[in-house]
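What follows is a single structure, written as structure tokens, with notes after it.
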Protein chains: 2
Amino acid sequence: MSENLSVLTKARQAYQPKLPVSLKNGALSVKINKGAATESVSDQAKIKELFPNTYGLPVVQFEAAEAKAGKALRMGVVLSGGQAPGGHNVIAGIYDGIKSVSKDSVLFGFLGGPSGLENGKYIEIDDAKMDAYRNAGGFDMIQSGRTKLETEEQFNKCIAVANKLDLDAIVIIGGDDSNTNAAVLGEYFQSKGVKTCVCGCPKTIDGDLKNEFIETSFGFDTAVKTYSELIGNIMRDANSAQKYWHFIKLMGRSASHIALEAALQTHPNICLISEEVKAKQMKLKDVIKQVADVVYARAAQGKNFGVALIPEGLLEFIPDVGVLISELSEALAHHEAEVEGLDTAAKVEKLCAWVSAESAEVLKSLPAGIQAQLMLERDSHGNVQVSLIETEKLIIEMVKKELKNRGDFKGKFSALNHFFGYEGRCAAPSNFDADYCYSLGFAASVLALNGMNGYMSSVRNVTKGIENWVAGGLPITMMMNIERRHGADKPVIRKALVELDGPMSAPFKYFAARRDEWAKTESYTYPGPIQYWGPSEVCDITNFTIKLERGAMK
Amino acid sequence: MSENLSVLTKARQAYQPKLPVSLKNGALSVKINKGAATESVSDQAKIKELFPNTYGLPVVQFEAAEAKAGKALRMGVVLSGGQAPGGHNVIAGIYDGIKSVSKDSVLFGFLGGPSGLENGKYIEIDDAKMDAYRNAGGFDMIQSGRTKLETEEQFNKCIAVANKLDLDAIVIIGGDDSNTNAAVLGEYFQSKGVKTCVCGCPKTIDGDLKNEFIETSFGFDTAVKTYSELIGNIMRDANSAQKYWHFIKLMGRSASHIALEAALQTHPNICLISEEVKAKQMKLKDVIKQVADVVYARAAQGKNFGVALIPEGLLEFIPDVGVLISELSEALAHHEAEVEGLDTAAKVEKLCAWVSAESAEVLKSLPAGIQAQLMLERDSHGNVQVSLIETEKLIIEMVKKELKNRGDFKGKFSALNHFFGYEGRCAAPSNFDADYCYSLGFAASVLALNGMNGYMSSVRNVTKGIENWVAGGLPITMMMNIERRHGADKPVIRKALVELDGPMSAPFKYFAARRDEWAKTESYTYPGPIQYWGPSEVCDITNFTIKLERGAMK
């Protein structure tokens, strides 16, 4: 199929990703430095009880050393959850890592995510297969999936597969849930005397899998740069035509890291941060007022155009919307028959009597299209599905109404909406993600070689230049706490939300200090497309979030 | 504002665009070679009558020559219509061109499009201003506008401005209409003894301003490459997740060049070409059947995913939709009161009695949402606005219904929709567009220096490497014919549609020969982001359309 390769894909296949010093001479030339025993971030007793074999392990750091002897490794790799740029490079790092131990090492790719592991569906990855996917975006080499490995039956099927393939280790590449799963599976394997180690690898474009030790999850850099390219192009259009407002929704359900980073890259007139909306207990009308104020003030300067960024998960962070949703679910469940067949306006009138006065007010304030959507689309549990609401359109409609209600709005408000998600998840990795992922994969091969179960591969100090990158491994249990999920206490890795204050708040504070200026002006910055060659300041830059969080930028 | 410049913008400002050999030594070192007198493409007598002073001029070609003497030039430049990547580079080419004649030459940028010329709103462009926009996307330096210069009153206001500024020439950068306007204005100026020449410059991302002499309009290359980057990323996502169909609508109302070029770059499972739909007199149900057939056949192979490209203007090319639209406009005009207040279903039932049986059938086949849209949104003349219909959603809904009706469809059809337009119009120009636009601008300065009125600047042979590029000028009248517009005969430049047969049909034929294979397989090609540095085959490639049209690729 090489006639179908683009010239860029071909040229990128030849790129040799950089490795931290400790990994440069191969997996056998690595010494493991162990730190002190660790504790989980909270709920220590409970988590220790759940992970008797893998709790309390030390953080480990790799150091270049004299080569030791080692025998061929047999490893398996699983891609779990949504696509993120760089997945193939993690696989390439593992592949080259185990081949540096022995040419006879073997890597199996489980097909279609965790279900491939459970059901023993796999391919053996060879040189030709691997080379075709080096530095390529997507997860298409072995595909991904969202099956959760949770039951003992599933675990035992995994054991059968691991035993059949005689695996030394399995690497699960995924987000917070998938890495939690990796830890649970690793604990189970060890408790059953299975020799196969299970390791994790931190992936998610959403950027919410990070903490003191994980500086960034892979894919975030590339995905946000791709979105920022598009946002910049649209900004330039807004500033050239000077007649439209563009409302751009960006992926990120649980956290607003993507919207915040895109704002740092492009300087929009408005960027809403879900975490701030929640912290300030802003109601829907407050959010609308805040947006309308910027539109109003710009119009007063004769500027009937602008760009606003909106995180996908916004509505779920607005307290009164949350209350409305739950009251509505309840009311619809009890009064289904009474509203059937009514048109939207009549349904709304009925429903207003069954919810609190405040929810009734919120419901009535919504555009008719959104009201209809709220009452129609319910999930299998009968709950109203807030995730299906087109937040960007809702905001446009409500701001339009708000401006009209003010009576003295003299400007024009023509707004267009966009949603960027799928455009960035499978982009070819930036040089940063290419290097970072390859290093994470290579580090995983070292964890496997040393029989380190329940670890996540780790590469730190990444804002400092490759010669300072530090590879190693983190015990997954140390990142866990107990959270209530679907009515049960579960050990999970704590999600990293945008911090408004505290140790990781520099990105938000940088934004907050400038947003009033950006609102009024056209401080627009046009990042342009990701570059793989050319000046280092263009090709090798990481993102603002990580630089600010790690003090590499003020 | 330099703190707001991205690293890429800064690095690109330093790029020196390449020039054809004939322009390399400056505008004074150019000899003008004139060809034979020209005729318009048709309606010669009528056009000659409309352009007594500027009809029949020769095509001119530039040749490097000994430098001659010349005095400082005073020029004005106008951006007209939608943004296209490279506009700033045309301005830079003009600027450097007139400065090569004399450091005292002056360039005025008229603000906000043709209305800036009419009303004498302008800035003087100096070195600092110019340098800030070199190789940058957008039209934000002087903005654009859509005012048409049509009346004698407007022309006389333009004369007053040209005289006041003592202009040697005005360059109007725009699409087919704007270049027609340039010719009309130039003719008027000359008839009134005004010394100012008016020149045109071929811009449009749609790619429909081209012919035997104009090989491509600027901006097309960059815009389609930007869309293709996104399409490729989405394809990779489709192929990784293997659970969604993505329907992607692409800009291009009158012609499908953008969709066709994007298909050549990415190899989608489906790409509809409006011109083919019209030529084959396909009805809406035929189009739906064709799409459903591909979905059905892929599902039979277990492939419930794919990517389909749809040109924005498709519906207007489907004959029975056209008939429906006009009958509906008529019926609604006569029976407005009778349908008022009815819900969509009741309206449709009423309307079906007032339109032909065939139109009634088409109307009934449409999804309810589209029916509602058709009956609600009418323009100021009361006409149903087909352009507001979300074609991509219409196709998804109807394909879903068609598959259900077949009864034996065993697959899944989950479809997502996207629309790419604003994402590409203001992208920073590719190396090709940067060089092409700069050369077009520089050539315009040579036309101005030589007092050549009614010409469009021209750069040809662009598939052959810069050393073979041929700069010159084309008399605008030679591209004209007479078309009926708003009830009157108007001289216009003939739009170039996608050719299914004939001299420029190679791009379509290349696609047509491969599309059945692409439908069944995942021949997906991922072009990735535009690169400015790196291997020449990555950075300096032009597009497939122009290479195929000009025989530079088989």
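Chain letters run A, B, ... following the sequence lines, proteins first, then strands; residues in each count from 1. Computation of the quantities below employed the complete heavy-atom set of this structure, encompassing side-chain atoms and omitting hydrogens, waters and symmetry-equivalent molecules.
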Would a distance-only check, ignoring hydrogens and angles, find a side-chain to backbone donor-acceptor pair under 3.5 Å from A:Arg236 to B:Cys426?
no
Which heavy atom of A:Gln531 sits nearest a heavy atom of B:Leu8, and at what distance?
CG-CD1, 3.9 Å
Report the option among B:His267, B:Gln242, B:Glu537 that has the most heavy-atom pairs separated by less than 4.5 Å from atoms of chain A.
B:Gln242
Would the distance check show the side chain of B:Ser6 and the main-chain N or O of A:Thr525 forming a donor-acceptor pair, the cut-off being under 3.5 Å?
no
How long is the straight-line distance from CZ of B:Phe419 back to CG of A:Asn417, given to the nearest 0.5 Å?
11.0 Å
Any donor-acceptor pair under 3.5 Å linking the side-chain atoms of B:Asn233 with those of A:Glu423?
no
Any A:Tyr532 side-chain heavy atom under 4.5 Å of B:Val538 side chain
no
Taking side chain as everything from C-beta outward and backbone as N, CA, C, O, which of these in A:Ile142 sits under 4.5 Å from a heavy atom of chain B? Side chain, backbone, both or neither.
neither
Of B:Gly528, B:Pro527, B:Ala428, the largest count of non-hydrogen pairs under 4.5 angstrom with chain A goes to B:Pro527
Treating A:Gln143 as the side-chain partner and B:Asn239 as the backbone partner, does any N or O pair qualify as donor plus acceptor under 3.5 Å?
yes
Looking at B:Tyr526 and A:Thr9, what are the two nearest heavy atoms and their distance?
O-OG1, 3.2 Å
Can you name the nearest heavy-atom pair linking B:Tyr422 to A:Tyr244, along with the distance?
OH-CE1, 3.8 Å
Looking only at atom types and distance, does a side-chain atom of A:Ser523 sit under 3.5 Å from a main-chain N or O of B:Asn4, one as donor and one as acceptor?
no
I'd like to know whether A:Arg146 forms a side chain to side chain contact (heavy atoms under 4.5 Å, CB included) with B:Lys243, so could you lay out the CA-CA distance, the side-chain angles of the two residues, the decisive distance to 0.1 Å, and finally the verdict.
CA-CA 12 Å; A:Arg146 294 187 184 272; B:Lys243 60 180 179 180; 4.0 Å; yes
Atom CZ in B:Arg425, atom OG in A:Ser240: separation rounded to 0.5 Å?
8.5 Å
Structural part of A:Thr226 lying under 4.5 Å from a heavy atom of chain B
side chain
Go through the atoms of B:Ile541 and report whether side chain, backbone, both or neither lie under 4.5 Å from a heavy atom of chain A.
side chain
Go through the atoms of A:Glu229 and report whether side chain, backbone, both or neither lie under 4.5 Å from a heavy atom of chain B.
side chain
Do you know which two heavy atoms are closest between B:Pro535 and A:Ala11, and how far apart they sit?
CG-CB, 4.2 Å
Part of B:Ile231 within contact of chain A (heavy atom distance under 4.5 Å):
neither
Measuring only between side-chain heavy atoms, which start at C-beta, is B:Leu230 closer than 4.5 Å to A:Leu230?
yes
